[in-house]
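Notes to accompany the following structure.
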Amino acid sequence: MRFDVLTIFPSLFEHHPREGILGKAIEKGLVEIYPVNIRDYALDPHRTTDDRPYGGGEGMVMKPEPIYGALESVERKDRSIVLLLTPQGERFDQAMARELAALEQIILVCGRYEGVDERIRELCIDREVSIGDYVLSGGELAALVIIDAVSRLIPGVLGGERSAEEDSFSDGLLEYPHYTRPREFQGLRVPEVLLSGDHEKIRQWRRAESLKRTLARRPDLLEKARLTPQDLALLEEVKKELQGGVHQG
Ligand code: 6GU
């Protein structure tokens, strides 16, 4: 996967992503990240990338020519997409990450939040994306979030022991609790079932914990989750327990 990132802060993409899982993926040649400095495509001697809005008002608007020139400089692969990072975009989620991971190239245009000249949107942008309902001062951190989430879905990026399939959201549920040694820590013991060696029982316990956790923290996810008849039965039991608890309390 090739990521081309158009930004006025290219140095943000030169160091950070070289660590950890993403760093390994870059070393293995599975992921390439190319920052493109929008300022290099400014037309004037001062290398101006923004200007005052027509019609007046607060804030600055990113000029169209530097972004257009930066986009023209990027070599396009067959299966590529141009994303604009903006709080006005569609919400990024695991399903979108999966869609994007099937492409060969993602071109990320990092806007500043006041905005990008509308003609860039009309002429060049395939999809506008936001990472959540809060305002960042620029699209750069959002671009890093997308690069990370997409890269770990590319075959070969994660080691075999921990597959992307098991992660929260891959089947629409939050993950079950994890434990490692020691068996007892600060008076808290690892649940007995995990020490039992009974793989079927462990699988059932983990599934039940995933369901409980999702119900407690993100009930909205349960509506879209892929649930088996067994899951639904378990969920009903958990709900009854919770309701019982409320009556007793
Ligand atoms: Cl993609 N950009 C900005 N500036 N703010 C955001 C965002 C993007 N997603 C959430 N907030």
Side-chain angles (χ1 to χ4, degrees), residues 1-17 20-22 31-42 47-55 57-71 74 80-103 105-154 167-169 174 217-218 220-221 224:
M1 173 69 73
R2 173 180 172 134
F3 296 97
D4 295 273
V5 191
L6 277 60
T7 170
I8 54 172
F9 302 119
S11 67
L12 280 176
F13 298 87
E14 281 156 11
H15 306 291
H16 166 89
I21 285 175
L22 196 50
V31 171
E32 299 169 288
I33 302 174
Y34 294 102
V36 180
N37 191 348
I38 293 172
R39 200 173 292 285
D40 289 345
Y41 297 89
R47 309 220 298 160
T48 310
T49 57
D50 58 3
D51 204 343
R52 288 165 300 150
Y54 274 120
E58 288 293 300
M60 298 289 272
V61 178
M62 288 182 90
K63 292 170 69 58
E65 308 95 316
I67 296 178
Y68 196 86
L71 271 172
V74 173
S80 75
I81 193 169
V82 181
L83 306 183
L84 175 67
L85 287 324
T86 162
Q88 299 178 29
E90 284 172 78
R91 178 88 69 86
F92 182 67
D93 62 9
Q94 193 66 19
M96 198 192 296
R98 253 180 250 126
E99 261 178 63
L100 294 175
L103 300 172
Q105 179 181 33
I106 301 174
I107 301 167
L108 299 145
V109 180
C110 301
R112 45 185 297 166
Y113 91 92
E114 290 92 337
V116 169
D117 188 284
E118 190 65 21
R119 290 161 295 184
I120 287 297
R121 291 191 150 100
E122 276 181 41
L123 292 170
C124 312
I125 302 300
D126 297 315
R127 207 161 170 183
E128 299 185 22
V129 182
S130 159
I131 60 164
D133 293 340
Y134 40 80
V135 179
L136 303 169
S137 42
E140 284 77 10
L141 290 177
L144 286 170
V145 165
I146 291 170
I147 290 170
D148 190 284
V150 170
S151 293
R152 56 202 304 295
L153 298 176
I154 295 166
D167 284 347
S168 286
F169 298 116
L174 300 183
R217 299 182 185 185
R218 294 293 307 277
D220 57 300
L221 292 178
K224 283 202 225 152

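Since the structure is predicted, the reported quantities are computational estimates derived from the model, not experimental observations. Both counts, for ligands and for their atoms, begin at 1 and track the order of listing.
- Ranking protein heavy atoms by distance to atom 10 (C) of ligand 1, first place goes to Gly132 O, 3.0 Å.
- When each of Asp4, Thr86, Leu84 is checked for a side-chain contact (heavy atoms from CB on, under 4.5 Å) with Val109, only Leu84 meets the rule.
- Contacts between Asp133 and ligand 1 below 4.0 angstrom, taking non-hydrogen atoms only, are absent altogether.
- At a threshold of 4.0 Å, the pair Glu122-Arg119 does not count as salt-bridged, since none of the basic side-chain nitrogens sits closer than that to a carboxylate oxygen.
- Of all protein heavy atoms, the one lying nearest to atom 3 (C) of ligand 1 is Pro87 CD, 3.4 Å.
- For ligand 1, the atoms sitting less than 4.0 Å from at least one non-hydrogen atom of Leu85 are 1 (Cl), numbered in the order shown with element in parentheses.
- Less than 4.0 angstrom separates some heavy atom of Val129 from each of these atoms of ligand 1: 1 (Cl).
- Of all protein heavy atoms, the one lying nearest to atom 9 (N) of ligand 1 is Ile131 N, 2.9 Å.
- The main-chain N or O of Lys63 is never found under 3.5 Å from a side-chain atom of Asp117 such that the two would form a donor-acceptor pair.
- Looking at Met60 and Glu114, their side chains never come closer than 4.5 Å, going by heavy atoms from C-beta outward.
- Closest protein heavy atom to atom 4 (N) of ligand 1: Leu136 O, 3.0 Å.
- Annotation: atom 6 (C) of ligand 1 to nearest protein heavy atom, Tyr134 O, 3.6 Å.
- Rounding to the nearest 0.5 Å gives a distance of 10.0 Å between CG of Asn37 and CZ of Phe9.
- Atom CD1 of Ile67 and atom CG of Leu6 lie 7.5 Å apart (nearest 0.5 Å).
- Residue contacts with ligand 1, taken as heavy atom pairs separated by less than 4.0 Å, involve Ser130 via backbone and side-chain atoms alike.
- Not one N or O on the side chain of Thr48 forms a donor-acceptor pair closer than 3.5 Å with the backbone of Asp50.
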